[in-house]
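Here the structure is laid out as C-alpha cells; the discussion comes afterwards.
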Amino acid sequence: MTTYRSTTDEAMFTEVNPKGNPMLLEENLARSRMHDAEIFAQQHRLAHRLVVARRWRRLAGWAQRRAALKAHAI
C-alpha cells in the first residue's frame with residue numbers, strides 16, 4: 001500500500017478566490033446559485049412591473065374611451 005497523494009485531490013475540494021482565501025467548492029457553488037437566483041428574481045420583478053404597467057395603460061385607455069363616449073352621448 002502506498003501513501004502517494006496527488007495534488008489534484010485537494011484541487012477538487014478547494015478553490016482559491018481572488019483574495020487568496022480558500023473556499024470550498026460547495027460554498028462557491030452555493031454562492032453561484034444564490035447569485036443566479038437573485039438575477040432571476042430581478043428579471044422576474046422587471047417583467048412583472050412591465051406587465052402591470054401595460055395593464056394599467058390598457059385600463060386607462062379603456063376608461064378614457066368610455067368617458068369620451070359617455071360625454072358625447074350627453
Side-chain angles (χ1 to χ4, degrees):
M1 180 180 264
T2 61
T3 58
Y4 175 77
R5 182 174 179 173
S6 69
T7 57
T8 57
D9 293 341
E10 277 189 38
M12 292 177 65
F13 292 111
T14 60
E15 182 175 311
V16 177
N17 64 10
K19 295 179 184 173
N21 297 331
M23 182 183 303
L24 293 176
L25 284 178
E26 291 83 11
E27 290 177 3
N28 196 9
L29 183 60
R31 287 175 193 246
S32 175
R33 287 183 177 170
M34 191 165 30
H35 179 69
D36 290 345
E38 289 171 357
I39 296 294
F40 176 78
Q42 287 175 347
Q43 292 172 346
H44 183 71
R45 281 192 302 269
L46 178 61
H48 182 72
R49 287 176 61 192
L50 290 173
V51 168
V52 169
R54 188 178 303 143
R55 187 179 302 143
W56 277 109
R57 193 178 321 122
R58 206 170 29 231
L59 179 63
W62 175 82
Q64 185 178 12
R65 288 189 303 275
R66 184 175 167 102
L69 283 173
K70 296 294 181 178
H72 187 61
I74 294 179

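Index from 1, following the sequence.
Side-chain contact between Leu59 and Arg55 is absent, with no heavy atoms from C-beta onward closer than 4.5 Å.
Note: Glu27 CD to Leu25 CG = 9.5 Å, rounded to the nearest 0.5 Å. With values rounded to the nearest 0.5 angstrom, Glu26 atom CD is found 10.5 Å from Arg33 atom CZ.
Under the side chain to side chain contact (heavy atoms under 4.5 Å, CB included) criterion, Glu38 pairs with Met34, His35, not counting sequence neighbours.
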Practice task
Dump the intermediate steps for side-chain contact (heavy atoms from CB on, under 4.5 Å) on Ile74 and Lys70, then the final yes or no.
Solution key: CA-CA 7 Å; Ile74 294 179; Lys70 296 294 181 178; 5.7 Å; no
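Grouped with Leu46 in one hydrophobic cluster are Leu50, the linkage being side-chain heavy-atom contacts under 4.5 Å among Ile, Leu, Val, Met, Phe, Trp and Tyr residues.
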